[in-house]
Chemist: 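First, the structure itself, so that you have it in front of you.
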Amino acid sequence: MRKPLKIFLCEVVAATLLAAGAFLLVAVYLPFVNPSLFGWVTDEHGRTRHASPAELGEPSQPLSYYVLGTPLSLGFLAAAWHFNLKALRSRGET
């Protein structure tokens with residue numbers, strides 16, 4: 001494979017994996033980062049108020065959600081790092 005094409009493909013793969021890993025990590029931990037996004041309800045008079053998930057009758061996320069989501073997103077980020085280093089080495093920058 002020609003060197004410029006290899007560099008370009010490594011950069012594209014790294015950027016794609018970085019976006020997927022960051023999105024998944026934020027999606028997994030968003031209820032912890034900003035819990036007020038998920039607890040707004042409108043009552044019968046049209047007023048909007050904050051309600052806990054227990055008031056809404058929703059269970060909290062199961063532990064497997066975090067046990068599977070965290071390593072998967074960190075794996076995507078590690079693979080992005082690997083391909084970024086590969087592209088830098090192919091360019092001769094490191």
Chemist: When Ile, Leu, Val, Met, Phe, Trp and Tyr are grouped by side-chain heavy atoms lying under 4.5 Å apart, directly or through other members, which residues fall in the same group as Ile7?
Modeler: none

Chemist: Shortest non-hydrogen contact from Ser90 to Lys3?
Modeler: O-CE, 2.9 Å

Chemist: State which residues pass ring-ring contact (aromatic ring centres under 6.0 Å, His included) with Tyr65; sequence neighbours excluded, sorted by chain then number.
Modeler: none

Chemist: Quick one: pull up NE2 in His82 and SG in Cys10 and give me the separation to the nearest 0.5 Å.
Modeler: 7.5 Å

Chemist: Using residues 14-27 as the side-chain source, report each donor-acceptor pair under 3.5 Å to any protein atom, sequence neighbours left out, with the distance given to one decimal.
Modeler:
{"unit_1": "Thr16", "atom_1": "OG1", "unit_2": "Val12", "atom_2": "O", "d": "2.8"}

Chemist: Which pairs of donor and acceptor atoms, one on a side chain in residues 71-79, lie under 3.5 Å apart (sequence neighbours left out)?
Modeler:
{"unit_1": "Ser73", "atom_1": "OG", "unit_2": "Gly69", "atom_2": "O", "d": "3.1"}
{"unit_1": "Ser73", "atom_1": "OG", "unit_2": "Thr70", "atom_2": "O", "d": "2.9"}

